[in-house]
Every structure is written in structure tokens, then in C-alpha cells.
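Data first, discussion second: the structure below is written as C-alpha cells.
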Amino acid sequence: MAKIPITCQRRSPQITTVSEDMCAAEATASLLQVEENFSACLARMDALIFKPLLQSEPSDQKGKENFKLFLLLNDQFQALWNLTEENYRIVKQKCSTSESFCIQDIYIVWKGDLFLSLYIRYFVTFANYVVVHGFEHATKSKSEAWKHHKTVLKQFLTDFTSETSMSLALYTVLHKPIRDHIEQYILLLNKLNEVLKEGSEKDIVSSAVNEYGKLKSFVSQVLDEACFTKALWKSLGYKFTDMLCVPERRLLEDSKNLPISASTNRSDRILLFDDVLVLIQGNSFQSFDLKLVWVDETYREKSAPGMHGLRIITPEETFVLSAKDPQMKAVWQWKLNQAIRQALNGKRDFPLWGKTGEGTEPSSCRFFTYVFRLESKFKSASYEGEWHWGKPHGKGTLKWRNGRNHVGDFKEGLEHGFGICLVPRRSEDRYDCYKCHWYEGKMRGYGICEYGNDMVYKGYFKDDVRQGFGILENFSAEHPFKYTGQWENDKKNGYGVWEDKDRGERYIGTWLDDHRHGQGIVVTQSGVCYQRTFHADKMVGSGILLLEDDSVYEGNFTQDLTFVGKGKLSFANGFILEGTFTNKSGQGLQTQGILNTSNEQLDERITKAQLGLKEFPVEKRWKGIYDQFLEFIHSGCKEEMEESFTGFHIQTSKELRKSQEYLFCQRGTEDVFWKTEDILEELVQHHELGSLQSYLEKALKSSLHPLGKLLKALTIAFQATYSGIGANRHLLTMAQEEVKYYAKKIWEFYQGLLHLALEQKGQLPMKCVVGEVSDQKAYSVVLPLILPCFYPELFMLYMLYHEREDDLYCQGIVDLSLFPDIKLLEFLDVQKHLWPLKDLTLTTNQRRSLIKDKCFLSATECLQKLITTVDPREKLLILQKTYEEIESTVSRVVEKDYKLPMDDLLPLLMYVVSRAKIQHLGAEIHLIRDLMDPTNQGGLYDFLLTALESCYEHIQRMRLHQRENCHVAHTS
């Protein structure tokens, strides 16, 4: 049968043999006698000791404290007495009513756990009373009740002890009868165990014998510890006793009994208690909570040969305990470790010193609260969290008295990993809140800081200051602004974009120590744009000012755009005024110079001048974004850097927190897992172009993949420059080359990740693709994938740049749309044998010559799809499909395969373009031309795009010629 534990509540089968039945009956009878005698003894103890001592409460403070302990001891005594009485009643009832007996009838066996817990609580409380000299204080009491019972009590005490000291006699009488009673239980159970046969009943009794044996040892050890501790308090001075003496505290070892010394003669005496380690030197002492004490037994002393040391590690101090021989070191090491382990468990072993806890060392990882007191960055701060070898390590919270606190990850005593830090502002009742990454105690990597003055910074930190790429935005109503760009030593330094929402202008250029410094472009909400040199926020030297009416001024001008000094003003009609400009108060703008009226039209190179190309080389813009990614790759794509290298896919600090929980805690069920090891593993699996494009498309769309995060950061930088106020035609080339460079860098970073993945798999990395081949890959593979992110802002710039041409083209389209199909085909000189007259289906009262929008309808509808996609590849495919539809319609008309020569194609394509009515065709054509795959140059796509461009220009010329004829007619 299976062994039944002592705490089991099920009833086991009755004893069936006669000898076992008799044995149980004898044991029950013996137990009845034992319990009867013990109950009577307890009744006398209650009447002669507890009741008299509880009748009057002492008036002094020490006496009051001891009296409370005696009340607790009385409570435990009453519980023990009640259990004894209950056991006696049950056994007596069983003996008087039953003829057969079983193990369940022996209550001390079947309810052994209850008996053990009550005895343990009594003796622990009794020991607490002993430690504080409770009996000595009680016997000095002058109460009348105590004096009245003294004679009878002495007679009672002589039954148990010959001690003449009343305090010692009280001590003996309150524990010896109870210890003797435990001994009687053990003797009774041993006799029962000897006669039982092997089986479940014998196992139950054997287990009970074992547990009561442990109780016996436990009581002995508890009393020994109490006397040992009591003797210590007696030997120490009042100063130490008042500060260290706690009823529950027990002395486990004393360096006077087992010699050991601390390093650098820092202590005269070392005391190991069950909760603290105390070092006494002279009239002062230091105590260390055992829950935050680590013992390093691997330490080897070099400075003191022949000594055997234990290095003691605490949150703020480390010292060495040295013993003269290895045996003493081993004893101290064992006692320290066992005491620490029990302190961490929150309970003592049972018994206190035995085999229970042997072989188990205290954990090096712990959770505890500690207040730092020594001079350090954490001075006066309270830390609650995880520890490892004396240092905060893992998750934790730091709180300072001034209201500052830090919640996050720690490593080897310093903030390391993601954390949230609140820093109170001195002059206001507000806080700066940093939600960012930390490295060895300092902010490093991506973070979001919400300042108490309504400003928010999203970007990178290094050594506790803003460093690298970052965005600072002021949401206050007084002076709202937004800066997107490079930071160095907590200041705006390098290339950056500043938007002043009050003034309605945007500065794009270089910075030095929070000031605009160097070359800069200013774009205003009204459309005015200028480029100047700045020095400490002030404009210096001459510049170029591009006005909204296409006038261009080259020279010096003030902050409010007033011309001053020498300059040249080129008007939109081609006139040029060159001279000296002045602006006197009340007299307006005055000039002295020469007006040249010989030019009929202003040069397009001036009106469409592109700014910033030489001043801001594309490879030097947004260097801070690329640097973070390079650092991530150079680190070997370590997971701890995965989130900190770039985090601009996060829009709010709340999302940032969720992102960290995803990264560092349990990952949820995602459609796609982008763990670093998964990324590197999957990278090497995509060699074919189609597979690679599919992988990159998925990676760039993911907010969890490093390439996706990089693209998000670049998108934010691009929008900060060219959206809204920044939508100015003079910035088109700057934006276009920036998008191309993004594709190039993303391809380079993909190659870097692939190189690392192959290295980690032990494979020889492929030769790096450089130069033109690398650029070709970037434009053909990456550019079409990233273009949708930048298309809205980029296409707006193309529309603005080609606005005049598109307006002229649209007017021409309006004119051509008035023609019916046959008239338009005739007007465009399309050969009559190519006209699809069969497509002109007539209804009642219709004339063929008046039907519109029926010829080449499939080609027209196909070309109209040009505006439905952003990918230049797809736009070229649409153009090719349009050409094929035209050719297919002509083949159907002539009833044979027909390859269109250029002379036939252009008029037919002109017809389709005029019927498609694409609004911004010029912007579409030039975007395709600028961003299409270089390998398409000189091929069919290039030919078709050139043909479309010719149609576009021809429609403009037609309209321009018509306008000139109207002008001539009007003037004549």
C-alpha cells in the first residue's frame, strides 16, 4: 500500500489483527493517562503562573513591552491547553464506547500537523520572552497578586526544579513539563511502531515518530539559541542592546566563540544573527540585512598569506572575513549561507540546524527593497526590485526624496536597458519624463522625453544628452515649433529642419550650438523661398530670394525680406533691374541703377532654380539616422540594441512602452515574428530576384524589422522637410536625389545584414557589390518598394515644378476635347485608313461626325490608369499596354497585324492622350523619367516615354501658338 502522509485526512483501513488491535488499544489507554496528567499540570500552571502575572500591567516602558510578549505567550499556552483537553475528551470517549481501535483513534498521529504547529508557536514565543529577560523582569514585580501566590508557587516549582532563583525556576517550569510531554508522545509512538507490521499504518506512525523527533530537536535548539542570545545582550552595553535587541532576533554565531576577523581591522567583534550580520568596532556598529548579503567563498586572499577569507558583498560595501584555518572558514561559510537562505525564505528550518537545508545555497538573484545611504548617484534613493551579487540587476524601481524616480531595467548596479525616469523641475510643479534606453547608467539609444514645459523630444541620446538624430517639438500656444535634425552635446548641431509655426516658415540648413549657422534655405507659407548664409542666427553676405510671382532677387536683404544694398532683381517678364536698393522710413523701396528691358522672358534656369544641391550634399543629410543603423550592424545585431537603434515607428510614449514589453518580455502572437536571429536566418534564404523583392517588401512594411524601422525614420525626416510649407518647387531636385539616396543606403544596409548573417553561419560572404552595379540594384529593387512612403510629398513638388507647363497642356486638352472623334482624328493628321469608324455606333438622330470619346476607347482607359500607381515600373507597363491597345485597334481596323511606324504612332498617341485627360501629365512624365530603372534607358520603355513626352509638348505648343495668334489679332 502507498505511504499515507501524517497530514492526510482520509481514513485508512482498520487494524484487523488481534495483536495490532490490542496494541492500538493499549496506546490509546496510555495516551488517555498521559493527556489527563498533562492537562492537570497545565491547569496548575495557568492558575499559579499565568493568571497572577497577568493581573497587573507594569508601568515602566520595558515592563510594558515584556508584558505584551507575556500576553502572546499566554495565548499560545491557552491554545496548547485547549488542544490537550480536546484530545483527552476524544480519547476518553473512544475508550468508553468502542471495542475496536485503529490508528485514526490516536489523535496525536492523525492530527499531528496541528499538534506540531501549536508546540512550535509556543516555544518560539517562549524563546522571545527569554531573550528579552522577561522572567527576570517578571519576578521583580511588586504586585499583590504575585506576592499572594508566591508561597504556593514555590511549592509547585519544587516539583520541577531545585533552583532557588525565581526567574530561573519560572523559566524551567514553563518549558520543562511541556518538553517532557513531547518526550512521552515519542515513547508512546515508538512502542506502537515496534509492534505494528509493515504497511500503511506503520508508515503513518513512523512518520509521526520522525516529526515529533524533529520537534524535540527544534525545541532544544530554540531554547539554546534563546539562552545564547540572552547571554549576548547581557554582555553588551546598553547602547548596543537598545539598538540591536529584538525579541525575534537570534544570535547564530559570535567571533568570540569562533574566531574570525574583518578586513582592514574594521571590527572588534562579528555577530551573525538570523536576520542581520553585525560588525562592532569600539562604540559603533554596522548591520547588514542578510537578505542583501552574498558570500563569495571563491575569494583568495593575496595580502594575508595563511589566512582563509570569505568575501562578503552588500549593496554598498564589500569586505573580507578572514579565518586562521579552513575549518573555521567552512563553519562560518556554512552558517552564513544557511542563515541567508532561511532569511530569504522568510522562515527557519525545522529543525533549525539539521539536514533540512543542507546542500542548498542561497539564490544569488533576489528581490528586495533597500535605501542607499553612502555617497553615490543613488544616495538617499530607495530601490525596490531584483538584485544579483549585491547590485540592482533586472527589473526595479528607484525613488529619491525629491520626487525623482526611475522604473526599468538594471544591470550590475546601473540603469541598463529600457527605463522610465521622472525628474522634477526646480521652478515648477512639473516633471520631465524620460522614456528611453540606458547603457551602463546613462541614457543611450532611442527615447521619448516629455518635458514639463510642453516640449517633447523623440530621438537619440548618448551619455545622458541628446545626441544624433532627434525631433524636438513645442506644443505650447505661445511659440509652437518643431525641429527635426542632428543633435550634439544636447544642442542642435549639423543638418536640421526648423519649422516656426507662428511665422509660418521653415528653415532647412546647418546649425551650431542651437543657432542657425552656415548655409540655409528658408521657405515661407506664402511661397517665398530664399537661400542665405547664417552666423549665430543672423543673416550675413548676399543670397538669392525667389518670390512667388517668379521674380528673383540676388543680393542682400533683411529678415523681413526688404532689399538693401547692391542687388539684381529679375522680373517674370524678363526685365532686369540692377543697382543699389534702400528702404527709408515712410518713403518705401528706392533704387538707383539700370533697368534692362531687352529680354522678352526670364530664363527658366532662374525661375526654376534648384536650391541646396551644392550646399547640402545628399550623403551628409540625416547622417544621424544612418549612424544608428551602422552601430546596430557593427554590434552584431545584438538583441539589446534591437529597439534602441531606431524607434521612430513609435508615435507615442505609451506605444514605446508596449514596444519594450513586446521586445523584452513575453512576445504576443504576431503574424510575422522579426526576432534578430530569425531575421539573420531568413536573409540567407533569398537569392532569386523575385524572392528577394518579396522578402524586402515584407521587411520594409514591418514596424518590427530593422529595415522597416529605418524606412520609418527616413519617412519622418522627408516629411519634415518637404511636406506642408516645404512644398516648394525650388526643392524638387533636392528631394528627388534624397529619395534615390535612401534606396541606395537601404540596399547597403541589407547587404550589411546579409554579410553578418553569412559570417555567423560560418559561410564565406559574397563579394560586396559596389559602384554602378550597387546603385542599379538599389534603383531596380529597393526604390519601387520605398517610393510609396515619399510619393505624396515628392509628387506635389513635381506638380509645382511643372505647374505652368501642365496648365498650358490642360488648356490644350480642353480645346481638343471640343472636337468630335472624326474631327479630332482629322485635325491630328491620323491617316484615314487607320480610323476605327466601326466603333462609332450610332443611335437614333445621331450623326457620325458628332460622336465623341468612342475611338480607341480601350487605349484611353488603359492610359488613364497611369495615375492609379506610384511605381515607375508599373507606370511604364501601363504605357506599354496603351501602345499595345492602340496597335491592336489598328490591326483590327486594317484586318491584319500592323506595326505602327513613328509617323503613325505619334498622331494616334496624341489622340489617346487628349481623350485620357490626365491632369498633371507633365509631373507624371518627369517623375517616371527621373526615377525609372536605369536599365530601361534606350529600350522600348524609353522610346514610349519619349513619344508620350512629345505628345505632351506638342499639345502645349498648339495651345501656345493659339494664344499667340489671339494676341496678335487683338493687338492688330
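E415 contributes no side-chain N or O that, together with a main-chain N or O of W438, makes up a donor-acceptor pair within less than 3.5 Å. Put simply, the side chain of D296 never gets that close to the backbone of R311: no donor and acceptor are under 3.5 Å apart. With T229 contributing its side chain and L251 its backbone, the two residues share a donor-acceptor pair below 3.5 Å. E384 places no side-chain N or O within donor-acceptor distance of the main-chain N or O of T369, the cut-off being under 3.5 Å. Checking side-chain atoms of W389 against main-chain N and O of S364 turns up no donor-acceptor pair under 3.5 Å. Judged purely by atom type and a 3.5 angstrom limit, S207 has no side-chain atom pairing as donor or acceptor with the backbone of D203. For K202 (side chain) and N193 (main-chain N/O), a donor-acceptor pair under 3.5 Å exists by modelled atom type. The main-chain N or O of L310 is never found under 3.5 Å from a side-chain atom of Q333 such that the two would form a donor-acceptor pair. In this structure a side-chain-to-backbone donor-acceptor pair under 3.5 Å is present from R366 to V293. Counting only distance, with no hydrogens or angles, the side chain of H416 and the backbone of E440 share a donor-acceptor pair below 3.5 Å.
Using a 3.5 Å distance cut-off with no hydrogens or angles, the side chains of Q78 and N74 do pair a donor with an acceptor.
Atoms CD and NE2, on E65 and H137 in that order, are 9.5 Å from each other to the nearest 0.5 Å. Within the model, atoms CD of E35 and CG of L83 stand 8.0 Å from one another, a figure rounded to the nearest 0.5 Å. Atom CZ of F372 sits about 9.0 Å away from atom CH2 of W400, to the nearest 0.5 Å. Annotation: the span from L271 atom CG to I280 atom CD1 amounts to 4.5 Å, rounded to 0.5 Å. The line from CZ of R444 to SG of C436 is 13.0 Å long, rounded to the nearest 0.5 Å. Note: L258 CG to K256 NZ = 14.5 Å, rounded to the nearest 0.5 Å.
In this structure, Y185 and Y119 have perpendicular ring planes: the angle between them is above 60°, well past the 30° mark. Aromatic ring orientation, Y370 versus W387: perpendicular (interplanar angle above 60°, classes split at 30° and 60°). Ring orientation note: the planes of H437 and F418 are nearly perpendicular, at an angle over 60° on the 30°/60° scale. Using the six-membered ring where Trp is involved, Y122 and F77 have ring planes that are tilted, between 30° and 60° apart.
In this structure, I340 and P362 approach most closely via the heavy-atom pair CG2-CB, 3.7 Å. In terms of heavy atoms, I270 sits closest to A262 at CD1-N, 3.7 Å. The minimum heavy-atom distance linking G413 with K391 is given by the pair N-CB, 3.5 Å. Here the closest heavy-atom approach between residue H388 and residue H393 is recorded as CB-CB, 3.6 Å. When every heavy atom of G282 is checked against every heavy atom of D268, the shortest pair comes out as N-OD2, 2.8 Å. Nearest heavy atom pair, residue T314 against residue E317, reads OG1-O, 2.6 Å.
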Next item on the list: Evaluate the salt bridge (Lys or Arg N to Asp or Glu O under 4.0 Å) criterion for residues E194 and K191: first the C-alpha distance (whole Å), next the side-chain angles of each, then the deciding distance (0.1 Å), finally the verdict.
Entry: CA-CA 5 Å; E194 288 173 1; K191 287 180 180 179; over 6 Å; no

Next item on the list: For side chain to side chain contact (heavy atoms under 4.5 Å, CB included), just list the numbers for W81 and M45, CA-CA rounded to whole Å, side-chain angles, deciding distance to a tenth of an Å, and then say yes or no.
Entry: CA-CA 10 Å; W81 187 14; M45 291 168 65; over 6 Å; no

Next item on the list: Could you check L174 against F50 for side chain to side chain contact (heavy atoms under 4.5 Å, CB included), going step by step and ending with a plain yes or no?
Entry: CA-CA 10 Å; L174 287 182; F50 284 100; 3.7 Å; yes

Next item on the list: Go through L31 and N87 one step at a time and tell me if the side chain to side chain contact (heavy atoms under 4.5 Å, CB included) criterion holds.
Entry: CA-CA 9 Å; L31 181 60; N87 189 33; 4.1 Å; yes

Note to self: Checking N345 against R341 for the side chain to side chain contact (heavy atoms under 4.5 Å, CB included) test, could you report, in this order, the C-alpha distance in whole Å, the side-chain angles of both residues, the deciding distance, and whether it holds?
What the structure shows: CA-CA 6 Å; N345 291 339; R341 179 183 55 78; 3.7 Å; yes

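Looking at R249, R348, K230 one by one, the single match for salt bridge (charged side-chain N to carboxylate O under 4.0 Å, His left out) with E225 turns out to be R348. Tested against F70, the residues Y129, F126, F135 include a single ring pair (Phe, Tyr, Trp, His ring centres under 6.0 Å) partner, Y129. Test F378, F367, F410 against Y383 for ring pair (Phe, Tyr, Trp, His ring centres under 6.0 Å) and you get one pass: F410.
Side-chain contact between C421 and R404 is present, with at least one heavy-atom pair separated by less than 4.5 Å. Between P259 and K324 the shortest side-chain heavy-atom distance does not fall below 4.5 Å. Between I420 and H406, the closest side-chain pair of non-hydrogen atoms is not below 4.5 Å. At a threshold of 4.5 Å between non-hydrogen side-chain atoms, the residues V131 and P247 do not count as touching. Between H133 and K234, some side-chain heavy-atom pair lies under the 4.5 Å cut-off. Considering only heavy atoms from C-beta on, Q286 stays 4.5 Å or farther from V276 through its side chain. The shortest distance between side-chain heavy atoms of W233 and V132 does not fall below 4.5 Å. K214 places a side-chain heavy atom less than 4.5 Å from the side chain of N210.
Within 6.0 Å of the CG atom in N257, the count of heavy atoms belonging to other residues, nucleotides or ligands exceeds 12. Atom NZ of K377 has more than 12 neighbouring heavy atoms from other residues, nucleotides or ligands inside a 6.0 Å radius.
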